[in-house]
There are 2 protein chains.
Amino acid sequence: MFSKACEYAMRAAVYIAKCSMEGKRVAVKEVAEATDIPEAFASKVLQRLARAGLVDSLRGKKGGFSMSASQQKRSLYEIVTLFEGEAYFNSCVLGLPVCSSQNPCPLHYQVVGLRDALKKSLQQTTIRKAATEVVDAGARLRFSSEDDESH
Amino acid sequence: MFSKACEYAMRAAVYIAKCSMEGKRVAVKEVAEATDIPEAFASKVLQRLARAGLVDSLRGKKGGFSMSASQQKRSLYEIVTLFEGEAYFNSCVLGLPVCSSQNPCPLHYQVVGLRDALKKSLQQTTIRKAATEVVDAGARLRFSSEDDESH
DNA sequence: TCATAAAAGGATATTTTTGTCTTTTTTTAA
DNA sequence: TTAAAAAAAGACAAAAATATCCTTTTATGA
Ligand code: FES
Ligand code: FES
């Protein structure tokens, strides 16, 4: 459905939002561990999110990543289009170069509604909302997030 | 959404079904042209469909690909799982190793319904039905399928 | 000032996907 | 029986995605 990079970006963003809600800035290393992303890859993904203005980054000792309130209000849709391309939710399921009701593929009317519903769902889901799911409902960002608490 | 191979497989299968409905066996070359798939790649994809029993293939002069009535009744879902793996419609959108209501990710309840709807839709859509769309409603399997008629 | 911690950036490596080419096998029909 | 046409099979090539490593820049605080 989504590329690894995109999945990683969503998991990482939600984790950073969660931390920011708790007033905590986080380093790549912690994000990577908390979300089960290879650390070096997480670094790349976060760079990209930072360049796109979806997260703030601060270099140097005591640096790390954080999200302001307004950044937390951005939608998961923005992350997906950043990593999958703007066209993602307008592309033909059968891979035809354009998707349109004028020239539909045989699956067009079957799936176009579902595709739009997914798009809307992601547009309406803020990063903050997803982070709240983690805090309030115990939703996971890695297989055994319980492991975090051990020390 | 789907890999190229999977998109190609669906387009090719629908085209072969259409031809078989017209009582015509088709060669890779024609399938490739009619569906805008690189010919050599189409050959690989069709081999795989044939090994899976979703299409019949006949070697030699006057050979080619065809689909029996029962093959035409197979669903597009079968093609997708063949190329994307059985787990495709049960996988976590955020890439977690398992998707379950027990251990949901923060998007689980948002998307699980849509994912299941897509699954059902593909399960209920036979290859024949998609081919009928092409014949009856003029649905496309390549950008300008009108070009076929020129000679 | 200097050691340390952290992100940024760049180069490289690995794996997967996509795509191509060549040879072999099978079938048909002249 | 032989030439031609077609799929099957295998090897190879190119591109993209994923992953890792190393160096540079920036900030902090001792
Ligand atoms: S044309 Fe294929 S999904 Fe719209
Ligand atoms: S757990 Fe992520 S979609 Fe079900």
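Note on naming: letters A, B, ... go to the chains in the order of the sequence lines (proteins, then strands), and numbering restarts at 1 for each one.
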Quiz item: Hey, does the side chain of B/Gln47 come within less than 4.0 Å of D/dA7's phosphate (OP1/OP2), counting only N and O?
Solution: no

Self-check item: Between CZ on residue A/Arg142 and OG1 on residue A/Thr35, distance to nearest 0.5 Å
Solution: 8.5 Å

Practice problem: Quickly work out the A/Asp56 CG to C/dA6 C1' distance and round it to whole Å. | Solution: 16 Å

Self-check item: Any residue of residues 78-93 of chain B with a heavy atom less than 4.0 Å from an atom of DNA chain D
Solution: none

Exercise. May I ask you to say what B/Arg25 touches in the nucleic acid, namely base, sugar-phosphate or nothing, with a heavy-atom cut-off under 4.0 Å?
Key: nothing

Practice problem: For nucleotides 18-30 of chain D, just jot down a letter per nucleotide in 5' to 3' order: B, S or -, based on protein non-hydrogen atoms under 4.0 Å. | Solution: SSB----BBBB--

Self-check item: d(CZ, A/Arg51; C1', C/dG9) in whole Å
Solution: 9 Å

Practice problem: Look at B/Arg128 together with B/Glu133 and state whether they make a salt bridge at an N to O cut-off of under 4.0 Å. | Solution: no

Quiz item: Looking just at side-chain N and O atoms, do A/Ser75 and A/Gln123 make a donor-acceptor pair shorter than 3.5 Å?
Solution: no

Practice problem: Please work out if B/Arg48 contacts a base, only the sugar-phosphate, or nothing of the nucleic acid, heavy-atom cut-off 4.0 Å. | Solution: nothing

Quiz item: Using 30° and 60° as the class limits, which term best fits the ring planes of A/Tyr88 and A/Phe2: parallel, tilted or perpendicular?
Solution: tilted

Practice problem: Decide whether B/Tyr15 and B/Glu30 meet the rule of one side-chain donor and one side-chain acceptor closer than 3.5 Å. | Solution: yes

Exercise. Calculate the interatomic distance between B/Glu30 atom CD and D/dA5 atom P; express it in whole Å.
Key: 16 Å

Quiz prompt | A/Lys29 NZ to C/dT4 C1', straight-line distance once rounded to whole Å | solution = 15 Å

Quiz item: Just to confirm, is there a sub-4.0 Å distance from OP1 or OP2 of C/dA8 to any side-chain nitrogen or oxygen of A/Ser57?
Solution: yes

Quiz item: Is the backbone N or O of A/Ser68 less than 3.5 Å from a side-chain atom of A/Gln71, with the two atoms forming a donor-acceptor pair by type?
Solution: yes

Quiz item: A/Leu46 CG to C/dG9 P: how many Å, rounded?
Solution: 13 Å

Quiz item: Is the cationic atom of A/Arg48 (NZ for Lys, CZ for Arg) positioned less than 6.0 Å from the six-membered ring centroid of A/Phe83 and within 45 degrees of its normal?
Solution: yes

Quiz prompt | Nearest-0.5 Å distance, CG of residue A/Leu122 to CD1 of residue A/Ile79 | solution = 10.0 Å

Quiz prompt | Between B/Thr126 and B/Gln72, a side-chain donor and acceptor under 3.5 Å | solution = no

